[in-house]
Colleague: 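So that we are looking at the same thing, I have put the structure below in structure tokens.
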Amino acid sequence: MSVTAKTAVVTGAGSRRGIGRATAHTLAAAGWNVAILDLDEASAKEAAHEVAERAGVHAVGVGCDITDEASVDAALAVLDGALPPVGALVNNAGITSPTPFLEVTGEEWDRIFAVNVRGAFNVTRRVAPGMAERGFGRVVFLSSVSAERGGGVFGGVAYSAAKAAELGFTRALARELGPHGVTVNAVAPGLIDTDITGGALEGERKQQLVAGIPVGRTGRVADVADLIAYLCREETGYVTGVTYDVNGGSHIH
Ligand code: NAD
């Protein structure tokens, strides 16, 4: 069955200038039907409309808080019947925070983990059984260079710890689902030009960061989307449990 008969679920693809939106477009251009789950219902629907119009695939946008199991159940129920079976999941929805460790509260710590880790669990736990049953699946996690180098970009300890948790999640899940035809990989972007920092990373700090990037620029969302689409291809079935850096050389290891 080719990807034209399958659906890719992308969480957090509502954000206009975000990695998820670009990924939804790139996957659709490759023939995937697309389901967008985002906290912001209006942007999820608008993104789905844009994707369907541009690529001529089926696309559905649903408002969903991935931290809430009932909300995820309801969103996935909307897709049932409206779109072909889920063949790919991109765990893209995420939040960051620069709060220093000596100031971070338990509430903030929990919130960062709730979206980045528990949210990814809530969605993956629900779509993985179908993938395993059908013998095909592609799961991609959005980790971060912050997980690998220990912050140093924008996100603090909570964010770096949550993004590192996604790497363990990726590797262990790849081991379990490999026998069922499901690959699980992570991408670890460096500084990508999106709105995730809410404009809080500008000026001198940004210039300093760019000075430390060998290719001499911040990343574009398409840089990340292309890599994700590659990992979702049917032909990429022998790559699993891997973390792919996409950081312009800002962290070489
Ligand atoms: P973004 O802020 O542009 O988009 C994030 C999207 O997630 C938004 O549309 C938001 O509404 C959605 N979202 C937030 N909480 C949600 C929830 N509880 N349920 C459903 N949706 C929710 O972010 P981005 O920069 O495109 O980042 C996408 C992913 O890439 C994130 O996981 C982020 O941690 C990771 N990442 C980003 C960068 C970067 O420099 N931009 C670097 C490394 C990793």
Side-chain angles (χ1 to χ4, degrees), residues 9-26 35-48 61-72 74-76 89-98 110-123 140-149 151-156 158-167 169-170 186-202 205-206 209-210 213 217-225 227-228 243-248 250-251:
V9 175
V10 186
T11 65
S15 179
R16 276 208 145 271
R17 295 183 348 103
I19 293 167
R21 174 84 67 125
T23 300
H25 278 300
T26 306
I36 290 166
L37 272 50
D38 200 291
L39 196 53
D40 180 343
E41 183 178 8
S43 74
K45 290 193 185 314
E46 187 259 327
V62 194
C64 173
D65 180 353
I66 61 163
T67 69
D68 176 358
E69 295 192 57
S71 177
V72 174
L76 294 177
L89 167 64
V90 183
N91 282 314
N92 168 77
I95 55 170
T96 186
S97 147
D110 286 348
R111 182 72 197 147
I112 297 287
F113 271 76
V115 180
N116 291 293
V117 186
R118 179 60 194 257
F121 165 79
N122 286 341
V123 184
V140 180
F141 285 80
L142 268 290
S143 180
S144 168
V145 70
S146 298
E148 302 172 310
R149 67 190 298 253
V153 184
F154 177 81
Y159 181 71
S160 302
K163 289 304 187 188
E166 293 189 62
L167 298 183
F169 194 158
T170 296
V187 299
L191 183 59
I192 311 298
D193 188 24
T194 74
D195 295 324
I196 195 168
T197 61
L201 184 63
E202 288 305 325
R205 175 81 185 118
K206 190 169 181 180
L209 286 171
V210 172
I213 303 173
R217 63 166 175 88
T218 54
R220 303 181 185 113
V221 288
D223 294 328
V224 186
L227 178 56
I228 295 170
T243 302
Y244 277 85
D245 290 343
V246 50
N247 62 31
S250 60
H251 180 64

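Counting convention: from 1, in listed order, for ligands and their atoms alike.
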Colleague: Do me a favour and list the nearest non-hydrogen protein atom to atom 42 (C) of ligand 1 with residue, atom name and distance?
Modeller: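 Result: G190 O, 3.1 Å.
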
Colleague: Short list, please: which atoms of ligand 1 are under 4.0 Å from a heavy atom of I19?
Modeller: 26 (O), 30 (O), 37 (C)

Colleague: Compare all side-chain heavy atoms of H25 with those of V221 and state whether any distance is below 4.5 angstrom.
Modeller: no

Colleague: How far does CD of E41 sit from CG of L39, to the nearest 0.5 angstrom?
Modeller: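 So the CD of E41 and the CG of L39 are separated by 10.5 Å.
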
Colleague: Verify side-chain contact (heavy atoms from CB on, under 4.5 Å) between I95 and R111, making sure each step is shown before the conclusion.
Modeller: CA-CA 9 Å; I95 55 170; R111 182 72 197 147; 3.8 Å; yes

Colleague: Any heavy atom of A114 sitting closer than 4.0 Å to ligand 1?
Modeller: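 The answer is no: ligand 1 sits nowhere under 4.0 Å from a heavy atom of A114.
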
Colleague: Which of these passes side chain to side chain contact (heavy atoms under 4.5 Å, CB included) with V187: T170, N92, L142?
Modeller: L142

Colleague: Name the closest protein heavy atom to atom 40 (O) of ligand 1, giving the residue it belongs to and the distance to 0.1 Å.
Modeller: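 The protein heavy atom lying closest is I192 N, 2.9 Å.
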
Colleague: State whether the shortest distance between N or O atoms of L39 and N or O atoms of ligand 1 falls below 3.5 angstrom.
Modeller: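 Indeed, backbone or side chain, L39 has an N or O that close.
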
Colleague: Taking the side chain as every heavy atom from C-beta outward, state whether L167 and K163 have any pair of such atoms under 4.5 Å apart.
Modeller: no

Colleague: So, the side chain of R205 versus the backbone of V153: is there a donor-acceptor pair under 3.5 Å, distance only?
Modeller: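 It does hold such a pair.
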
Colleague: Could you tell me whether T194 approaches ligand 1 through its side chain, its backbone, both or neither, with non-hydrogen atoms closer than 4.0 Å?
Modeller: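 For T194, the contact with ligand 1 is made by the side chain alone.
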
Colleague: Any side-chain heavy-atom pair from N122 and I66 closer than 4.5 angstrom?
Modeller: no

Colleague: Among all the protein's non-hydrogen atoms, which is closest to atom 12 (C) of ligand 1, and how far away is it?
Modeller: D38 OD2, 3.6 Å

Colleague: Y159: what forms a ring-ring contact (aromatic ring centres under 6.0 Å, His included) with it, not counting sequence neighbours?
Modeller: none

Colleague: Distance to 0.1 Å, residue and atom name: give those for the protein heavy atom nearest to atom 43 (C) of ligand 1.
Modeller: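 Checked against all protein heavy atoms, atom 43 (C) of ligand 1 sits closest to P189 O, 3.3 Å.
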
Colleague: Would you mind telling me if ligand 1 is within reach of the side chain of Y159, the backbone, both or neither, using heavy atoms under 4.0 Å?
Modeller: side chain

Colleague: According to salt bridge (Lys or Arg N to Asp or Glu O under 4.0 Å), who are the partners of R149, at least two apart in sequence or on a separate chain?
Modeller: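 For R149, no residue satisfies salt bridge (Lys or Arg N to Asp or Glu O under 4.0 Å) once neighbours in sequence are set aside.
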
Colleague: Once you round to the nearest 0.5 Å, how far does OG1 of T67 lie from CD of E69?
Modeller: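 Separation between the atoms: 10.0 Å.
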
Colleague: Looking only at protein heavy atoms, which one is nearest to atom 14 (C) of ligand 1, and what is the separation?
Modeller: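 That would be I95 CG2, 4.0 Å.
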
Colleague: Of all the non-hydrogen atoms in the protein, which one sits nearest to atom 13 (N) of ligand 1, and at what distance?
Modeller: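 Going by distance alone, atom 13 (N) of ligand 1 is nearest to A93 CB, 4.0 Å.
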
Colleague: With a cut-off of 4.0 Å, which atoms of ligand 1 are near a heavy atom of G18?
Modeller: 3 (O), 26 (O)

Colleague: I'd like to check which ligand 1 atoms, numbered from 1 as shown, lie under 4.0 Å from a non-hydrogen atom of C64.
Modeller: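 Heavy-atom distances to C64 below 4.0 Å select 19 (N), 20 (C).
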
Colleague: Using a 4.0 Å cut-off to any heavy atom of I196, which atoms of ligand 1 qualify?
Modeller: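 Listed by number with element, the hits are 2 (O), 23 (O), 25 (O), 27 (O), 33 (C), 34 (O), 41 (N).
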
Colleague: Find all atoms of ligand 1 within a distance of less than 4.0 Å from any non-hydrogen atom belonging to S143, and give their numbers and elements.
Modeller: 43 (C), 44 (C)

Colleague: Starting from atom 6 (C) of ligand 1, what is the nearest protein heavy atom, named by residue and atom, and what distance separates them?
Modeller: G12 O, 3.3 Å

Colleague: Do any heavy atoms of K163 fall under 4.0 Å from ligand 1?
Modeller: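 Yes, K163 has a heavy atom closer than 4.0 Å to ligand 1.
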
Colleague: Identify, by atom number and element, the atoms of ligand 1 in contact range of D65, meaning under 4.0 Å from any of its heavy atoms.
Modeller: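 By the 4.0 Å cutoff, the relevant atoms are 17 (C), 18 (N), 19 (N).
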
Colleague: Nearest protein heavy atom to atom 4 (O) of ligand 1, by residue and atom, and its distance?
Modeller: S15 CB, 3.4 Å

Colleague: To the nearest 0.5 Å, what is the distance between CD1 (I213) and CG (N247)?
Modeller: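 Reported value, rounded in 0.5 Å steps: 8.0 Å.
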
Colleague: If you measure from atom 28 (C) of ligand 1 to every heavy atom of N92, T11, L37, which option wins on shortest distance?
Modeller: N92

Colleague: Start with the C-alpha gap between D193 and R17, add the side-chain angles, then the distance that decides, and say whether side-chain contact (heavy atoms from CB on, under 4.5 Å) holds.
Modeller: CA-CA 8 Å; D193 188 24; R17 295 183 348 103; 3.5 Å; yes

Colleague: Please find the pair of heavy atoms, one from I192 and one from R220, that lie closest to each other, and give the distance.
Modeller: CG2-C, 3.8 Å

Colleague: Do ligand 1 and I66 have nitrogen or oxygen atoms that lie under 3.5 Å from each other?
Modeller: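 Looking only at distances, the answer is yes, because the N/O contact criterion of under 3.5 Å is met.
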
